[in-house]
Amino acid sequence: MVQEQSGESKVPLLELVGISKNYGGVKALIESDFKCGSGEVHAVLGENGAGKSTLLKILCGVVKKDTGVIRLRGEQIEINSPNDAEKHGIAAVFQELSLVQDLSVAENIYIGREPKNKYGLVSFSKMNEMAEKLFEELGLHIQPEAMISDLPLAQQQLVEIAKALSKNPDIIIFDEATSALGSEEVKILFSLIKKLTAEGKTAIFISHRMDELEQIADYATVFRDARYITTFKWGTVSNEQIINWIAGRKLEETYPKKNKITSDNIALEISHLSSGRRLKNIDLQVKEGEILGIAGLQGHGQSQFLRALFGAYPIQKGEVKIFGRKVHIKSPEEAIKAGIVLVPEDRKNEGLLLPRSVRENLATMVLKQIQNMGLLSTAKENSMIHSAVEMLKIKTPNLEQAVVNLSGGNQQKVVIGKALLTEAKIILLADPTRGIDVGTKAEIYQLMNNLAKEGNTILFYSTELAELVGVCNRVIVFKEGRINGELTGADIDEHSIINAALGIA
C-alpha cells in the first residue's frame with residue numbers, strides 16, 4: 001500500500017526504508033518501511049510477531065538490521081548500538097523492564113552517567129538531587145532513594161520512563177509502556193507525552209489498547225506477518241478496519257461464550273486470610289470449573305492475594321482448603337504439590353529464563369515428572385513439551401530457540417504452557433494478556449474457557465475491565481486489601497466494577 005505522509009514537513013524527521021531482519025530461518029522483518037514527523041504521536045500496530053518490535057529495536061540499536069536504510073532529518077545514519085541511538089537523540093522504554101532491582105531509583109536512572117565529586121567518586125547526594133528535580137519536572141511522586149525491588153510494578157515502569165526521558169531525547173519509543181500502569185499512571189504518562197510533543201519531540205507508541213490510542217495517537221502504521229501494511233491519520237478509519245489490517249481477518253468474537261458451572265464442588269475455600277496491611281480478612285469460595293475475576297485499583301492487594309495462594313507472599317493468618325483438604329502453603333513448590341500454579345504478571349523477571357531455550361523454559365516446573373530413576377527422560381520431556389507447544393500454538397522455529405528471541409505473545413504462551421504442564425487444578429492468572437495483541441488475547445480467552453470446561457478452576461486478575469466482563473462467571477473487587485464487592489452473571493459490568501473499586505455504593 002502507499003504510505004500516507006505523516007506530519008507537516010516534506011522531509012520526515014525519521015524514515016526507515018526497506019528494513020529486513022532474519023533470525024536463522026525466521027523472517028522477523030521483510031523490506032519494511034516506516035516514517036514519522038516532528039511533534040507527533042505515531043502509533044505502531046500489529047499482532048505479536050508482526051515485526052513492529054523488531055523494527056523499533058533496530059531503531060534504538062538493540063538489534064542490527066540486515067538490509068535497509070535509516071534517515072534522520074533527511075540524512076542517512078547508521079545505528080549499530082544503543083550508544084549510537086542515544087547520540088542521534090533516540091531513547092526507548094520497553095515493556096520488559098531493564099532496571100536493576102538491587103539499586104535505588106536514582107542509581108537506575110543515572111547508571112553509567114553518575115555525577116562525580118571533586119575526588120572522582122560517585123556523588124550520591126547530587127544524584128538524588130538530580131532525580132528529585134527530574135521527577136518534579138515530570139510530575140512524578142517517587143523517592144529517589146527507594147530501592148527498585150520495593151516499588152510496585154507500575155512505579156517501576158514510571159522509573160523506566162523517567163530514565164529514558166532523563167537523556168532528553170528527540171524521539172522516544174514507548175513499547176507497551178502502559179501495560180503495567182494503572183489508570184492514574186496512564187493519565188500522568190499521556191499528559192507528559194502531550195507536553196513533550198508540544199515541545200516538538202516525537203513519540204513512537206506501541207499499544208494493543210485501542211481506547212488508549214484514541215486518546216493519544218496522531219498517526220498510525222500497521223505491520224502484519226513481518227511486513228509493512230499501511231499508514232493512516234488517526235480518526236480517519238474505523239476500529240473495525242484497523243483490526244482487519246492488524247489481523248488480516250475479521251475477529252467476529254473476541255470472547256467465547258461463557259461456560260455454565262455444573263459442579264457444586266468447592267475447589268478453593270479461603271477463610272480469614274490476612275497478611276499485614278496488604279490482605280485483610282479475606283473469605284472466599286470458588287467452585288470447580290469457575291472462572292473468577294479479580295479486579296480493583298492498582299495496588300489494592302490483588303497481586304499479593306494471588307502470590308499468597310502460590311506461596312510467594314507470606315500468609316500471616318487464615319486457612320486455605322483445596323477440595324475440602326486444609327493445606328499449608330509457604331512456598332511455590334508446596335503450592336504446586338497442592339495443585340495450585342501461578343502465571344505471574346511480570347513474565348521477564350518472574351516467568352522466564354530469557355537466554356534459555358523454549359524447551360528448557362517449558363520444562364522448569366516439571367523436572368521431577370520427566371525424570372526416570374533420577375535421570376531426565378528425553379521421551380517424557382519431548383512428549384510434554386510438544387503437547388504444550390501444540391496446545392498453545394507457540395510460534396518458534398524450533399524448541400532450542402532462546403525465549404528472548406520470541407515475540408511478546410509467544411513468550412507469554414511459554415509462561416502459560418509451563419504452568420499448565422504441572423497439571424494443577426487451580427490456575428492463578430495475573431494479568432496474562434498484558435501487552436498481548438488482539439488475536440493472541442482471543443486465543444488465551446478460549447484456552448481459559450476450555451480449561452474451565454475440563455474442570456479446572458481459574459482465578460483471573462486483570463487490569464482490563466472489558467475482559468473481566470467478557471470472560472468471568474463471577475468478579476470480586478478488592479479495595480485496600482479487602483473484598484469490597486462481588487458481581488455475578490448479568491450484574492458484571494465495567495460501571496459496577498469501578499463503583500466497587502472506588503467504594504461507591
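- Scanning all heavy atoms of the two residues, the minimum distance from A162 to I109 falls at CB-CD1, 4.3 Å.
- Side-chain contact, T433 with E467: a donor N or O sits under 3.5 Å from an acceptor N or O.
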- Begin with the C-alpha distance, continue with both residues' side-chain angles, and end with the deciding distance and a verdict on side-chain contact (heavy atoms from CB on, under 4.5 Å) for K52 and I206. CA-CA 8 Å; K52 59 190 188 303; I206 292 181; 3.7 Å; yes

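- One finds the CD atom of E114 at 8.0 Å from the CD atom of E107 (value rounded to the nearest 0.5 Å).
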- Please step through side-chain hydrogen bond (donor to acceptor under 3.5 Å, both in side chains) for the pair R434 and S462, ending with a clear verdict. CA-CA 8 Å; R434 182 171 70 89; S462 175; over 6 Å; no

- After noting the C-alpha distance and the side-chain angles of V341 and L428, does the key distance pass the side-chain contact (heavy atoms from CB on, under 4.5 Å) rule? CA-CA 6 Å; V341 71; L428 315 176; over 6 Å; no

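- Remark: the S407 side chain and the N410 side chain contain an N/O donor-acceptor pair separated by less than 3.5 Å.
- Using a 4.5 Å heavy-atom cutoff, the side chains of L16 and L55 are in contact.
- Counting heavy atoms from C-beta outward, R73 and L13 have side chains that approach closer than 4.5 Å.
- Judged purely by atom type and a 3.5 angstrom limit, D431 uses its side chain to pair as donor or acceptor with the backbone of T463.
- Partner of N456 under the side-chain contact (heavy atoms from CB on, under 4.5 Å) criterion, chosen from L451, N450, L420, I291: L451.
- For the 3.5 Å distance criterion, the side chains of S357 and Q401 fail to qualify, holding no donor opposite an acceptor.
- With sequence neighbours excluded, no residue satisfies side-chain contact (heavy atoms from CB on, under 4.5 Å) with S191.
- Annotation: side chain of K194 is not in contact with side chain of V41 (no heavy-atom distance under 4.5 Å).
- You'll find the side chain of L429 stays beyond 4.5 Å of the side chain of L459, heavy atoms only.
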- Task: Report the C-alpha distance between K65 and E78 in whole Å, list the side-chain angles of each, state the deciding distance to 0.1 Å, and finish with yes or no for salt bridge (charged side-chain N to carboxylate O under 4.0 Å, His left out).
- Result: CA-CA 10 Å; K65 60 182 171 59; E78 290 296 328; 3.6 Å; yes

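- Rounding to the nearest 0.5 angstrom, the gap separating the CG atom in N405 from the OG1 atom in T396 is 9.0 Å.
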- Report the C-alpha separation of F223 and L45 in whole Å, then their side-chain angles, then the decisive distance to 0.1 Å, and conclude whether the side-chain contact (heavy atoms from CB on, under 4.5 Å) test is met. CA-CA 6 Å; F223 290 86; L45 310 177; over 6 Å; no

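- Annotation: R356, atom CZ; neighbour count of heavy atoms from other residues, nucleotides and ligands within 6.0 Å does not exceed 12.
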- Message: The test is salt bridge (charged side-chain N to carboxylate O under 4.0 Å, His left out); show your working for E486 and R474 and say whether it passes.
- Response: CA-CA 7 Å; E486 181 176 316; R474 181 166 53 120; 3.4 Å; yes

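- Judged by distance alone, the side chain of N361 and the main-chain N or O of L353 form a donor-acceptor pair under 3.5 Å.
- The closest donor-acceptor contact from the side chain of K21 to the backbone of L29 lies at 3.5 Å or more, if one exists at all.
- With hydrogens and angles ignored, the 3.5 Å screen pairs no side-chain donor or acceptor of K479 with any backbone N or O of A500.
- Taking CG of N108 as the start and CD of Q156 as the end, the distance is 9.0 Å to the nearest 0.5 Å.
- When all heavy atoms of L192 and L165 are compared, the closest pair comes out as CD2-CD1, 3.4 Å.
- A distance-only check finds no donor-acceptor pair linking the side chain of R347 to the backbone of V343 [under 3.5 Å].
- Ring centroid separation for the pair Y228 and F34 does not come in under the 6.0 Å cut-off.
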- Item | Stepwise side-chain contact (heavy atoms from CB on, under 4.5 Å) test for L447 and I416 | CA-CA 10 Å; L447 174 66; I416 294 171; 3.9 Å; yes

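- For the residue pair A388 and I394, the shortest heavy atom distance occurs at O-CD1, 4.2 Å.
- Distance alone, capped at 3.5 Å, places no donor-acceptor pair between the S32 side chain and the S20 backbone.
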Side chains of residues 129-148: which donor-acceptor pairs under 3.5 Å do they make with residues two or more places apart or in other chains?
none

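- Taking the side chain as every heavy atom from C-beta outward, V105 and Y110 never approach each other to under 4.5 Å.
- Within a 6.0 Å radius of CZ in R278, other residues, nucleotides and ligands contribute 12 heavy atoms or fewer.
- Between the side chain of Q302 and the backbone N or O of G296 there is at least one donor-acceptor pair closer than 3.5 Å.
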- Task: Could you go through the ring-ring contact (aromatic ring centres under 6.0 Å, His included) check for Y219 and F232 one step at a time?
- Result: CA-CA 6 Å; Y219 292 86; F232 61 93; 9.0 Å; no

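- Taken to the nearest 0.5 Å, the SG atom of C60 stands 9.5 Å off from the CD1 atom of I204.
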- For N473 and N259, run side-chain hydrogen bond (donor to acceptor under 3.5 Å, both in side chains): C-alpha distance rounded to whole Å, both residues' side-chain angles, the deciding distance at 0.1 Å, then the answer. CA-CA 8 Å; N473 304 110; N259 297 325; over 6 Å; no

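- Nearest heavy atoms, K393 versus K413: O-NZ, 3.1 Å.
- For the residue pair T197 / E40, no side-chain donor-acceptor distance below 3.5 Å is found, with atom types taken as modelled.
- Closest approach of E350 to R307, counting heavy atoms only: OE2-NH1, 3.0 Å.
- In this structure the side chain of R227 never reaches within 4.5 angstrom of the side chain of E31, judged on heavy atoms.
- Taking D493 as the reference, nothing meets the salt bridge (charged side-chain N to carboxylate O under 4.0 Å, His left out) condition, with sequence neighbours excluded.
- No side-chain donor-acceptor contact under 3.5 Å links N484 to the backbone of A501.
- At most 12 non-hydrogen atoms from other residues, nucleotides or ligands lie less than 6.0 angstrom from CD of E75.
- The backbone N or O of N80 sits less than 3.5 Å from a side-chain atom of D84, completing a donor-acceptor pair.
- To the nearest 0.5 Å, atom CZ of residue F205 and atom CG of residue L189 are 6.0 Å apart.
- Between D33 and I19, every side-chain heavy-atom pair lies at or beyond the 4.5 Å cut-off.
- A pairwise comparison of heavy atoms in A43 and L213 identifies CB-CD2, 3.8 Å as the closest pair.
- Residues F460 and P432 are in side-chain contact: their nearest non-hydrogen atoms beyond the backbone lie under 4.5 Å apart.
- The only member of T202, D218, T221 that meets side chain to side chain donor-acceptor pair (under 3.5 Å) when paired with H42 is T221.
- Here SG of C472 is found 6.5 Å from NZ of K258. Values are rounded to the nearest 0.5 Å.
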- Would S496 and N499 count as a side-chain hydrogen bond (donor to acceptor under 3.5 Å, both in side chains) if you check the C-alpha gap in whole Å, the side-chain angles of each, and the deciding distance to 0.1 Å? CA-CA 5 Å; S496 298; N499 281 352; 5.7 Å; no

